[in-house]
Amino acid sequence: MAYHVKTAVFEGPLDLLLQLITRHQVEVTSLSLTDLVSEYLTHLDDMRQMDLEVTSEFLLIAATLIQLKVRRLLPDDGEVDLDEELALMEERDRLLSRLLTCVTFKDVAAVLAARLERTNRFVPRSTGLDQAITPKPVELTMPIDLAGLAALAQRVMARQVQEPDLDHLDLELPSVQSAIDELRGRIADAVDTSFEELVEHCTRKVEVAAYFLALLELARWGMVELAQEDWLSEIEVRFRGDAQVVSEWTR
Amino acid sequence: MDSMMDTLGALEAILFVTESPVPTAELCEVLELGPEVVEPLIARLEETLNERGSGLTVRKAAGGWRLYTKSEAYPYLERFASSATARKLSGAALEALAVVAYRQPVSRGQLSEIRGVDSDSSLRSLERNGLIEEAARLPLPGNPAVYRTTGLFLEKMGLDDLSQLPPLADHVPPASIMDALESTFRDPVTDVD
Amino acid sequence: MDSMMDTLGALEAILFVTESPVPTAELCEVLELGPEVVEPLIARLEETLNERGSGLTVRKAAGGWRLYTKSEAYPYLERFASSATARKLSGAALEALAVVAYRQPVSRGQLSEIRGVDSDSSLRSLERNGLIEEAARLPLPGNPAVYRTTGLFLEKMGLDDLSQLPPLADHVPPASIMDALESTFRDPVTDVD
């Protein structure tokens, strides 16, 4: 099973960059590019240590940031390659435009959410017509053809295979804390184990997910090391007795 | 008197959304009132509905209460049943139909598990349109029904029998591969409008 | 006057049984009345419901009319049946929904590019909830799907059509955030020319 997880702090490379920028905006008037680059790279390191997938998307953004930083360190004596310079500026503008688009949609999503919330309080009836009232079936025109029906069946069933859908977890995970507590006890005895062993007793997907998030949290605190050969193989869990709990920002 | 109107409205709302008749005891619990208050309240709701010439009425069935349409409204509802809105199979109903076609006989529970959402109203709409029917009852608690497609379904899809349904591929490529393929052909992202 | 009450009741019965909003034109057809009669009739139904402290109300959405419980009844319904009350969408799913709403038809790849993160599970959750649907398949390798919002999306948003979505331009970040972004990225390189 593949577990797609967003870490507690940010969702994806753009979101990480946005958070770094807006967080600093509160503290200082302008964020230095150097700080931004090093913080971004620190986060990628953290992700690697947790064995979270650092996608090419993260690396592309990091590469652009580094190039921008390098360009700034170069003496401005006219020795620049104009083509390279233009390409870099294009890359920079593209990143900026993506950030703006991302912020814009985040903002409008909040408005849509509020609308949805308000409208949800008006509940319709979904029971339909009385069974006694039936239309003449001959009048029915099918809005779908045979190929469409097959494609639809395929998609619905694939959706099931691709579970678990962790989308609603932030509402349904009262048990992450207790999973953490429980794991802290068990892992100390186990030394070397696997995620699969740790969740053997779980009967529901949502429990497995709770344990997974708990394990990520322990990894973030440095209490366990996680490793996985590829996304199909077992997740190995190693207990680190000497670990101290550290803040995610200071690591 | 004001709060009395509130509970009357709440009672009506509950009997409106419910999918099956609600026993008095359950109404008492939800409204946090005793049966000596709730029973007259139900009678009062029925009166109010009659007084204002509503198309709805409260009826007792299967040990509980529910709102129903009045029988005088049937001629209109029959006409409505043939209207575009009533005939339109929702996306949810089509999904349910696709699954029933390939997985029949299938119970409501299995269907809901496959689709990941409650499928009650989809099944009702398909049944009402004559596209699926109950095939049997399972010997399980509550005797759940299993459903199959009908002759009308075959006719509407232009099939002689179910063996002519197009086969489903064994698997679909994972999303990441689809994305990689697609991004090769994709335009760069456009700016905010 | 008597027959007027009848049509009022019939209208209520139709808006009671329907499973999606009914356009005025269709109500005219079923009731065999012109819009000049039906429109005031709808207003009159809403009035009557309010006057007698009903738990129900008429609302317009997705280009049609339907009966809903009043929002004041919601706390009772939450207590009555959690299934009647909606599940909350995650923040990620809401963001994906916003992108689909404004950029439809949009593919998963385009969506991921805009959000900077894989949106597969969000799309599945939105599709399962009937808020988006596949609009078409692109003639590209792997036949990626493009998605659009559904009628249910409009109904749930309380919109008549997509043109009523709040203008995206109103949500472009304020100058302060733009400045922070721009100054971080631009200053080092602007002195080039």
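Chain naming here is simple, since letters A, B, ... match the order of the sequence lines and numbering starts at 1 in each.
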Interatomic distance, [X] atom [atom1] to [Y] atom [atom2] [nearest 0.5 angstrom]:
| X | Y | atom1 | atom2 | answer |
| --- | --- | --- | --- | --- |
| F122(A) | R66(C) | CZ | CZ | 14.0 Å |
| N120(A) | K156(C) | CG | NZ | 5.0 Å |
| D107(A) | D170(C) | CG | CG | 9.5 Å |
| R155(A) | R124(C) | CZ | CZ | 12.5 Å |
| Y102(C) | T101(A) | OH | OG1 | 14.0 Å |

Could you pull out the closest heavy-atom pair between [X] and [Y], with the gap in Å?
| X | Y | answer |
| --- | --- | --- |
| A109(A) | E95(C) | CB-CA, 3.8 Å |
| R121(A) | P75(C) | NH2-CD, 4.1 Å |
| V172(C) | T104(A) | CA-OG1, 3.6 Å |

Query raised in the report: Under the side chain to side chain contact (heavy atoms under 4.5 Å, CB included) criterion, do R98(A) and E113(C) qualify, and how do the steps go?
Result: CA-CA 8 Å; R98(A) 287 188 65 188; E113(C) 168 91 8; 4.0 Å; yes

Requested in this report: Tell me, out of L112(A), L14(A), L95(A), who's got the most heavy-atom pairs with chain C below 4.5 Å.
Outcome: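 So the answer, after comparing L112(A), L14(A), L95(A), is L112(A).
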
What part of [X] gets within 4.5 angstrom of chain C, counting heavy atoms only: side chain, backbone, both, or neither?
| X | value |
| --- | --- |
| V108(A) | both |
| L65(A) | side chain |
| L17(A) | side chain |

Query raised in the report: Side chains of T119(A) and R59(C): does their closest heavy-atom pair fall under 4.5 Å?
Result: yes

Query raised in the report: Are the side chains of Y74(C) and V123(A) in touch, meaning some heavy atoms are under 4.5 Å apart?
Result: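 A side-chain contact exists here, since the closest heavy-atom pair is under 4.5 Å.
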
What option among [options] has the most heavy-atom pairs under 4.5 Å with chain A?
| options | value |
| --- | --- |
| L15(C), L67(C), V17(C), T57(C) | V17(C) |
| E19(C), E134(C), K70(C) | E134(C) |
| A61(C), A98(C), S71(C), A96(C) | S71(C) |
| V117(C), T18(C), T69(C) | T69(C) |

**Report entry** Short N-O contact, E12(C) and R125(A), less than 4.0 angstrom
**Finding:**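 Looking at R125(A) together with E12(C), the answer is no, because their closest N to O distance does not fall below 4.0 Å.
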
**Report entry** Within 6.0 Å of CD in E36(C), more than 12 heavy atoms from elsewhere
**Finding:** yes

**Report entry** Proximal component of I14(C), with respect to chain A [non-hydrogen, under 4.5 Å]
**Finding:**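 No part of I14(C) comes within 4.5 Å of chain A.
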
Query - Engaged part of E127(C) at the chain A interface, taking heavy atoms whose separation is under 4.5 Å - result: both

Query raised in the report: With a cut-off of under 6.0 Å to the ring centre and 45° to the axis, is R115(C) in cation-pi contact with F105(A)?
Result: no

